[in-house]
2 protein chains.
Amino acid sequence: MTYSIKAVADKTGLSIYTLRFYDKQGLLPFVSRNAAGYRVFTDGDLHLLHTICCLKDTGMKIADIRQYIAYVMQGPTTIPQRQHLLSTHRQAILDQQAKIMQNLQEVDFKLNLYRQPNAQALVTAELAVAQAEKRANGLPNPFEK
Amino acid sequence: MTYSIKAVADKTGLSIYTLRFYDKQGLLPFVSRNAAGYRVFTDGDLHLLHTICCLKDTGMKIADIRQYIAYVMQGPTTIPQRQHLLSTHRQAILDQQAKIMQNLQEVDFKLNLYRQPNAQALVTAELAVAQAEKRANGLPNPFEK
DNA sequence: ACTTGCCCTAGAGTATTGTCGAGGGTTTAT
DNA sequence: ATAAACCCTCGACAATACTCTAGGGCAAGT
């Protein structure tokens with residue numbers, strides 16, 4: 001079974017443009033061409049493309065994905081390098097997730113404030129403090145309609 | 001207490017360029033200027049800037065942060081809009097986190113494979129299958145040194 | 001007065017990740 | 001054999017988020 005670029009676009013949700021862009025960026029060196037120069041995707045290619053999408057969707061840069069694919073193309077001798085690249089990436093994801101969850105807690109704090117029955121009063125008070133601070137420092141008041 | 005742009009840059013880790021960029025983008029309408037046209041940050045401004053960083057670090061686009069700040073500038077009447085914006089963002093974060101964790105599982109699967117004692121053999125076999133697939137479809141073999 | 005180290009704006013430049021149009025060849029069905 | 005629907009490359013354009021340069025003003029110490 002083989003697939004045209006359009007078939008792959010339909011299967012993956014990536015646009016044809018994006019697939020060609022990825023190829024241009026060196027992410028698809030494993031995709032063969034037919035006599036007319038058309039890209040021909042095999043099932044194995046789809047599997048690798050899926051891996052590429054996993055890496056992309058977890059935030060890996062195209063340059064790093066290219067490196068990973070280059071290792072894959074070089075065969076089994078590059079297993080240690082692949083391992084290193086992926087585990088570094090894995091840790092980066094986890095670190096970033098943790099950071100996001102921390103920041104999310106502050107967003108939640110704000111949300112909670114806005115949901116208080118006396119939210120209006122709280123926000124008004126906060127605004128008054130900010131304006132007083134400006135006045136105390138002889139600054140113009142930027143909170144004006 | 002007030003702070004120069006440099007002091008704020010040092011405190012937040014944002015570059016002076018970035019702070020000026022944020023101002024240009026309408027994220028800092030609350031920052032006053034002194035007689036010489038210099039930006040003067042108050043403690044309240046730093047607090048709001050911190051909120052901006054939270055939103056940015058959780059992936060919110062500058063355009064949306066600008067909207068949030070605009071609501072804040074408009075005073076307590078915009079609490080419902082702020083609530084809607086933040087809770088939409090909150091859900092977007094959670095959805096994305098979930099998607100990333102799913103994709104991470106596939107990365108983990110690969111990592112686990114590379115850590116097997118017979119990883120070399122497994123990868124070699126996979127490569128052989130991919131090459132056979134190309135041959136079976138009369139395609140050139142892209143896996144060559 | 002002068003040097004140093006800040007501050008400002010406007011606008012150009014950069015990096016990343018696409019997205020699209022022009023111009024042209026291929027395949028398939030009628 | 002011709003239209004419709006594909007495919008190709010190349011290169012321009014776009015959105016996002018900075019980053020930096022040029023040109024010039026201000027403030028403090030010597």
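Please read all numbers here as calculations on a predicted model, not as lab measurements. The chains referred to below are lettered A, B, ... by the order of the sequence lines, with proteins before strands, and numbering in each begins at 1.
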At less than 4.0 Å, is any side-chain N or O atom of A:Thr18 found next to OP1 or OP2 of C:dT17? Yes or no. no
Distance test, side-chain N/O of A:Tyr22 to OP1/OP2 of C:dG18, below 4.0 Å: yes
Please report the C-alpha distance between A:Leu86 and A:Leu55 in whole Å, then the side-chain angles of each, then the deciding distance to 0.1 Å, and finally whether the side-chain contact (heavy atoms from CB on, under 4.5 Å) criterion is met. CA-CA 9 Å; A:Leu86 291 193; A:Leu55 296 176; 3.9 Å; yes
Atom CZ of B:Arg66 to atom C1' of D:dC18: distance rounded to whole Å? 15 Å
Just by distance, no angles: are the side chains of A:Tyr3 and A:Asp43 close enough, under 3.5 Å, to form a donor-acceptor pair? yes
Given atom OH of A:Tyr38 and atom P of C:dT26, what is their separation to the nearest angstrom? 7 Å
Interatomic distance where NZ belongs to A:Lys6 and C1' belongs to C:dT28 [whole Å]: 15 Å
Roughly how many Å is it from CD in A:Gln25 to P in D:dC10, rounded to a whole number? 13 Å
Taking the basic N atoms (NZ, or NE/NH1/NH2) and the acidic carboxylate oxygens, is any pair closer than 4.0 Å for B:Asp10 and B:Lys6? yes
Select one nucleotide: of C:dT19, D:dT9, C:dT16, the one nearest the side-chain heavy atoms of A:Ser15. C:dT19
Taking only the side-chain nitrogens and oxygens of A:Arg20, find out if one of them lies under 4.0 Å from OP1 or OP2 of D:dG11. no
Verdict with reasoning, B:Tyr68 to B:Thr51, per side-chain contact (heavy atoms from CB on, under 4.5 Å): CA-CA 10 Å; B:Tyr68 176 73; B:Thr51 300; 4.0 Å; yes
Whole angstrom is fine here: how far is it from CG in B:Leu28 over to P in D:dA17? 14 Å
Does a side-chain N or O of B:Arg39 approach OP1 or OP2 of C:dC7 to a distance below 4.0 Å, or not? no
Between B:Arg33 (CZ) and D:dG25 (P), how many Å, whole number? 17 Å
Identify, between A:Ser4 and B:Lys24, the residue whose nearest nucleotide on DNA chain D lies closer to the 5' end. A:Ser4
Which nucleotide in the set C:dT16, C:dT26, D:dC7 lies at the smallest distance from any side-chain heavy atom of A:Lys61? C:dT16
Are the side chains of A:Lys56 and A:Tyr22 in contact, using a 4.5 Å heavy-atom criterion? yes
Write down the distance between CZ (A:Phe21) and P (C:dT19), rounded to a whole number of angstrom. 9 Å
Rounding to an integer number of Å, can you tell me how far B:Leu14 CG sits from D:dA17 P? 14 Å
